[in-house]
Amino acid sequence: MGLRGNPRTRCNGNPRTRVEEMKGSHTHQSAFFWLGWRQPGCSSYDTGMEKRHSQFWHHVREYATHWSIAGAILAVTGAAPDHWLAELWREVPVPREAMPLWLVQVDYRLVAVVAGLTIIVGDTLWRHHRHPVPVAVTPLSPATTIETQEAPPLPDAPSIAVMPFANLSGDPAQEYFSDGLTEDIITELSRFHALFVIARNSTFTYKDKPADVRQVARELGVRYVLEGSARKAGNRVRVSAQLVDARTGNHLWADHFDRTLDDVFALQEEVTRGIVAAVAPELELAEVAHARQTSPNETASRLTWRARGLMNDGVRTGDAAPVLEAIATAGRAIAADPSALAAYDVLAWANWSCYLYHWGPEPAKALEAITSAVEHMARLNALDHRTLTISGVLRVVRGEHDRGLADLRRALEVNPNSSQSLMWLALCEAMTGRDDDARTHAALSLRRNPRDAWIGVAHVALALVHFNARDYAEAARCAELAIQSEPAVPLRRAIMIACCARSGDQARAAKELAVLNGFAPEFTASLFSGDFQVFRQPEAMTHLLDSLRLAGAGGEPMASPG
């Protein structure tokens with residue numbers, strides 16, 4: 001989704017009524033106005049005496065031109081003595097001998113009449129050209145503005161408005177930092193094509209004004225509002241941010257970022273990435289929760305979010321039924337809207353789970369289903385970060401390592417704030433032996449958003465790196481963190497089993513193996529058969545399989561750790 005413009009009409013920061021809308025921006029431009037009679041601003045004349053004062057000067061501007069010029073014409077055409085203008089002309093100290101004859105003999109009363117009529121006609125035509133005759137309109141009460149009557153509807157996509165961050169430093173010179181931070185967040189959130197982000201020009205109309213979150217959301221037509229502040233003390237800056245669900249007023253997420261003010265632009269970029277990387281997944285979880293509620297209006301978007309929620313449930317619990325239902329629900333969303341890229345994305349990842357867990361009536365065909373979904377996504381938008389991410393994972397699994405990693409890196413170029421793309425890049429790098437790159441990208445994921453719902457992908461990437469380096473204690477620690485995030489993901493249990501076996505903890509290895517066989521009994525068999533290769537390097541994969549044999553998986557246990 002792109003940025004959306006301002007649905008409001010404002011004057012000096014305040015809403016206009018319908019009457020003001022008809023005449024506010026083109027207040028009657030009489031000749032006297034151009035002589036310096038000021039148009040009152042709509043924010044200064046709102047109550048009491050000021051309002052009556054404004055009305056008085058409005059009528060003066062409306063009628064002064066008519067009566068004053070008419071009076072002047074009347075004076076020079078007969079109401080005043082005939083010799084009045086001539087006597088006045090004689091008093092002007094100009095030598096008549098030096099003037100042309102036609103200028104001395106001109107009838108100045110006729111000149112005054114022509115000039116007066118020209119001014120009146122010109123003024124009348126100007127005002128009627130700029131202001132059509134208004135129809136009768138019932139004035140609106142101050143509380144009933146055009147915004148409340150014409151509030152835009154909520155879009156199907158998750159919609160968010162980023163309010164101007166408040167400058168709490170007490171130094172107006174620091175305003176540039178808070179404003180720049182707000183603009184950067186809006187720009188980076190707009191990289192998520194699944195989001196509907198309100199444009200900067202709309203949200204900045206609320207700058208330095210007290211605003212209720214629910215009212216702002218209603219006026220801008222959004223479901224979520226992000227607000228925050230920036231404080232500076234010496235060389236340190238603290239940025240605080242809160243994500244609010246405007247429907248309930250509940251805070252979905254809140255955090256603060258303390259940094260040193262060494263490089264302003266680097267600081268803005270780092271804080272922006274941290275906020276956006278945290279906010280985007282929270283919006284996804286909120287939409288999933290909202291889609292669980294029954295609704296008679298089953299749009300493609302709502303079906304897609306429901307399918308994503310079912311898939312998440314199945315992956316976290318190790319239950320095939322929700323994942324299979326997610327595939328069916330995503331199919332319904334695609335039937336409702338064949339251009340729903342997000343529905344194909346859910347379809348692809350749900351089939352990935354079926355491939356990994358050996359779920360469904362035909363798990364062997366899961367890769368074909370993923371391929372089909374990815375092809376549809378590429379036709380819809382080949383440069384969407386979601387398309388590039390699942391395409392990269394699929395290619396790595398199929399042995400196209402370089403092309404797969406290239407897709408994942410391209411996904412981050414398209415959207416550097418995607419936690420999903422960053423974590424899967426780290427995991428695929430660990431699987432293909434790029435340990436240094438994997439360690440760097442996994443650490444970056446943990447720094448940006450350690451509370452991401454899928455942060456376990458980064459932990460398991462680090463576990464693979466440490467296991468491949470024979471650091472079994474650190475690998476077990478990372479695998480444990482990954483298991484805590486999603487207990488029923490088979491690869492994490494397999495790495496934990498291998499680490500325990502190599503460390504001599506056979507009791508823990510046997511316990512973990514029993515848990516793994518409980519929710520994914522075919523997984524270890526797929527490793528030994530070569531259907532799924534964790535490491536793309538033969539020696540690294542052999543090391544993993546030997547470690548699993550030590551724990552009694554895949555056949556008789558080995559005599560001792562090697």
Side-chain angles (χ1 to χ4, degrees), residues 1-8 10 12-13 158-193 195-211 213 216-217 219-220 222 224-244 246 251-283 385 412-419 422 444-445 447-449:
M1 294 290 178
L3 300 180
R4 185 168 71 173
N6 193 352
R8 299 160 58 89
R10 308 184 68 84
N12 297 336
S159 50
I160 183 171
V162 182
M163 304 302 293
F165 275 43
N167 174 25
L168 303 182
S169 302
D171 181 6
Q174 299 301 319
E175 202 76 19
Y176 75 93
F177 178 77
S178 56
D179 287 353
L181 186 63
T182 306
E183 293 180 6
D184 287 349
I185 293 173
I186 292 173
T187 300
E188 295 304 314
L189 280 174
S190 301
R191 293 179 183 269
F192 291 90
H193 296 172
L195 299 182
F196 192 96
V197 184
I198 294 296
R200 172 208 185 276
N201 290 344
S202 296
T203 57
F204 266 73
T205 59
Y206 296 93
K207 183 175 172 62
D208 298 328
K209 298 180 179 67
V213 170
V216 169
E219 292 172 351
L220 296 179
V222 297
Y224 307 101
V225 174
L226 179 68
E227 55 187 1
S229 62
R231 286 177 287 171
K232 178 177 177 292
N235 197 39
R236 293 192 61 79
V237 175
R238 167 169 288 188
V239 177
S240 300
Q242 306 88 35
L243 178 65
V244 182
H251 282 67
L252 301 177
W253 168 87
D255 205 347
H256 67 269
F257 302 82
D258 294 328
R259 299 292 187 270
T260 302
L261 192 61
D262 296 324
D263 185 332
V264 173
F265 294 112
L267 172 62
Q268 281 189 192
E269 181 178 0
E270 182 182 357
V271 173
T272 297
R273 292 277 165 81
I275 292 175
V276 173
V279 166
E282 291 295 335
L283 292 176
H385 74 276
L412 279 179
E413 291 175 4
V414 172
N415 186 357
N417 311 295
S418 172
S419 298
L422 183 59
L444 183 57
S445 296
R447 175 170 174 77
R448 282 189 182 174
N449 188 15

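- Side-chain atoms of Val279 and Ile185, non-hydrogen and from C-beta on, never get closer than 4.5 Å to each other.
- Every residue two or more places apart in sequence or in another chain that forms a side chain to side chain contact (heavy atoms under 4.5 Å, CB included) with Ser240 is listed here: Ser229, Arg231, Arg238, Gln242, His256.
- Side-chain N or O atoms of Thr203 include none that pairs as donor or acceptor with a backbone N or O of Ala161 at under 3.5 Å.
- Of the listed residues (Ile160, Val276, Leu283), just one forms a side-chain contact (heavy atoms from CB on, under 4.5 Å) with Phe192, and that residue is Val276.
- For the atom pair Glu282 CD and Leu226 CG, the distance stands at 11.5 Å (nearest 0.5 Å).
- Between Asn167 and Glu175, the side chains place a donor N or O and an acceptor N or O closer than 3.5 Å (distance only, hydrogens not considered).
- Atoms NE2 and CG, on His193 and Asn415 in that order, are 7.5 Å from each other to the nearest 0.5 Å.
- Atom CG of residue Leu267 and atom OG1 of residue Thr272 lie 8.5 Å apart, to the nearest 0.5 angstrom.
- Summarising the geometry, atom CZ belonging to Phe257 is positioned 9.5 Å from atom CG belonging to Leu181; distances are rounded to the nearest 0.5 Å.
- Tyr206 places a side-chain heavy atom less than 4.5 Å from the side chain of Glu219.
- Between the OG1 atom of Thr182 and the CZ atom of Phe177 there is a distance of 9.5 Å, given to the nearest 0.5 Å.
- For the atom pair CG (Asp184) and CZ (Arg200), the distance works out to 11.5 Å, reported to the nearest 0.5 Å.
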